[in-house]
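For reference, the structure discussed in these notes is given below.
Just so it is clear, the structure is predicted and the values come from calculations on it, not from any experiment. Atoms considered below: every heavy atom in the structure, side chains included; atoms not considered: hydrogens, waters and symmetry mates.
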Amino acid sequence: MLMEESVWIGNELLNLAKQGELSPLLNFGSSTGHFRRYGQPVIYNNIFRPLQSIEAEVYHLDIKKAEGVDFVGNVFEDKELYNEIKKKGIKTILCSNLLEHVPDRIPFFRILENLLGDHGYLLITVPNLYPYHADPIDTGYRPSVPELVKEFPAAKVIKSEVITVDESHFTFMIKRPKLFLIVLIRLITPFYKFKAWKRNISDLPNWFKKFKVTCVLFELKN
């Protein structure tokens, strides 16, 4: 997660909390507590520490069984897990940097809606301009605000924005010399994993463009 993105998310969730509309919150695809605190500390510092300070009710869902994960598993395949989460009466779902890794998005969108029940809020962020990053796959989904909004035709848009981040692929890599060297070697070795090489070549025009993130806060009423 990028710094500016984490600030946007944190502000919107706090606003919901101040209105008494946040809790319980489900962080869908949360990763581990260690990752949120130390791998990408902006997640904890800008989103979950402020919510913790006001004693917001927050649950974390991920397929990894680890510290800081309250619900473990795949809600598509595990009906018992789905029902367990449903019983919590989730009011808000945070789904950040996950959609680009989902191969079949339409059923996923409907799962998000169904977990919210009769009324709730859905905050989604997804890369708009960002290089390929497999985790374990990257579908290339880079929606604009209108493209994301049309996936939830029954929802009301509370706030939407494409955030421009003060970093590019190039500046990201030069801070990490080892990664930069690996990428450069890949660019001159097309015979090794040709599909991956083509993907790297297609990313070249965007190397010096600043990253962008599509952010939308929806209100859903069924």
Side-chain angles (χ1 to χ4, degrees), residues 1 5-31 33 36 43-44 46-63 68-102 104-126 141 143-163 213-222:
M1 183 180 293
E5 177 186 7
S6 69
V7 171
W8 196 95
I9 293 170
N11 287 339
E12 295 310 312
L13 294 181
L14 274 179
N15 286 339
L16 287 177
K18 290 174 183 177
Q19 298 165 26
E21 294 289 332
L22 177 76
S23 298
L25 166 70
L26 177 67
N27 182 18
F28 201 116
S30 64
S31 194
R36 296 192 301 271
I43 298 175
Y44 177 71
N46 295 331
I47 301 174
F48 294 108
R49 184 163 64 179
L51 293 179
Q52 186 177 325
S53 71
I54 61 171
E55 300 182 346
E57 187 178 357
V58 178
Y59 298 99
H60 301 281
L61 164 67
D62 202 87
I63 59 172
V69 180
D70 302 294
F71 296 107
V72 181
N74 185 335
V75 292
F76 287 95
E77 300 173 355
D78 191 336
K79 188 66 176 177
E80 185 176 337
L81 173 64
Y82 175 88
N83 290 334
E84 188 179 355
I85 296 172
K86 189 75 173 172
K87 288 177 185 177
K88 294 295 182 181
I90 298 300
K91 189 68 177 289
T92 307
I93 293 177
L94 169 62
C95 178
S96 177
N97 296 294
L98 183 59
L99 294 182
E100 69 271 27
H101 306 300
V102 176
D104 195 355
R105 290 186 299 275
I106 301 305
F108 183 76
F109 293 149
R110 303 296 79 85
I111 281 280
L112 295 177
E113 291 174 331
N114 291 336
L115 281 173
L116 283 172
D118 294 335
H119 178 230
Y121 297 88
L122 174 59
L123 196 161
I124 295 178
T125 69
V126 62
Y141 186 57
S144 63
V145 166
E147 287 170 336
L148 182 55
V149 167
K150 76 176 183 180
E151 304 293 355
F152 298 91
K156 176 183 177 182
V157 176
I158 302 299
K159 187 172 180 179
S160 63
E161 186 175 352
V162 174
I163 298 172
V213 184
T214 295
C215 306
V216 182
L217 173 62
F218 296 96
E219 180 180 11
L220 291 94
K221 294 182 178 180
N222 295 328

Close side-chain approach of His119 and Glu219, heavy atoms under 4.5 Å: yes

Pair Asn27, His60: side-chain N/O donor-acceptor within cut-off below 3.5 Å: yes

Qualifying residues under salt bridge (Lys or Arg N to Asp or Glu O under 4.0 Å), relative to Glu151, sequence neighbours excluded: none

Side-chain H-bond candidate by donor/acceptor type, Glu5 with Asn97, under 3.5 Å: yes

Distance-minimising heavy-atom pair for Gly73 and Leu61: O-CD1, 4.0 Å

Spacing of CG belonging to Leu217 relative to OG1 belonging to Thr125, to within rounding of 0.5 Å: 11.5 Å

Atom pair OG1 (Thr92) and CG (Leu115), whose distance is rounded to the nearest 0.5 Å: 12.5 Å

Side chain to side chain, Ile47 and Val7, heavy atoms closer than 4.5 Å: no

Phe109 vs Asn114 side-chain heavy atoms within contact, under 4.5 Å: no

Crowding at NZ, Lys86 (>12 non-hydrogen neighbours, <6.0 Å): yes

Matching residue for Val126 among Val102, Leu99, Val213 - test: side chain to side chain contact (heavy atoms under 4.5 Å, CB included): Leu99

Beyond-backbone contact of Trp8 with Asn46, side-chain heavy atoms, under 4.5 angstrom: no

Shortest non-hydrogen contact between Ile93 and Leu112, atoms and distance: CD1-O, 3.5 Å

Working for side chain to side chain contact (heavy atoms under 4.5 Å, CB included), residues Asp78 and Val75: CA-CA 5 Å; Asp78 191 336; Val75 292; over 6 Å; no

Side chain to side chain contact (heavy atoms under 4.5 Å, CB included) assessment of Ile90 paired with Leu116: CA-CA 6 Å; Ile90 298 300; Leu116 283 172; 4.2 Å; yes

Euclidean distance, Met1 CE relative to Ile43 CD1, rounded to 0.5 Å: 4.5 Å

Minimum-distance pair of heavy atoms, taken over all atoms of Pro50 and Leu14: CB-CD1, 4.0 Å

Parallel, tilted or perpendicular: rings of Phe108 and Phe28 (30°, 60°): perpendicular

Close side-chain approach of Tyr121 and Glu12, heavy atoms under 4.5 Å: no

Heavy-atom pair with the smallest gap, counting every atom of Leu148 and Phe218: O-CZ, 4.1 Å

OG-NZ distance between Ser144 and Lys150, expressed to the nearest 0.5 angstrom: 8.0 Å

Reported NZ-to-CG distance for the pair Lys221 and Asp118, which is rounded to 0.5 angstrom: 11.5 Å

Within-4.5 Å side-chain heavy-atom neighbours: Leu26 and Leu94: no

Closest approach of Tyr141 to Glu147 (non-hydrogen atoms, all atoms of both residues): OH-O, 4.4 Å

Straight-line distance of Ser30 OG to Arg36 CZ, nearest 0.5 Å: 5.0 Å

Non-hydrogen atoms of Gly89 and Pro24 that approach each other most closely: O-CD, 3.3 Å

Residues Ile63, Val69; criterion side chain to side chain contact (heavy atoms under 4.5 Å, CB included); working and verdict: CA-CA 9 Å; Ile63 59 172; Val69 180; over 6 Å; no

Intermediate values then yes/no, side chain to side chain contact (heavy atoms under 4.5 Å, CB included), Leu51 and Arg49: CA-CA 5 Å; Leu51 293 179; Arg49 184 163 64 179; over 6 Å; no

Sub-4.5 Å side-chain heavy-atom contact between Val216 and Phe152: no

Leu123 and Cys95, any side-chain heavy atoms less than 4.5 Å apart: no

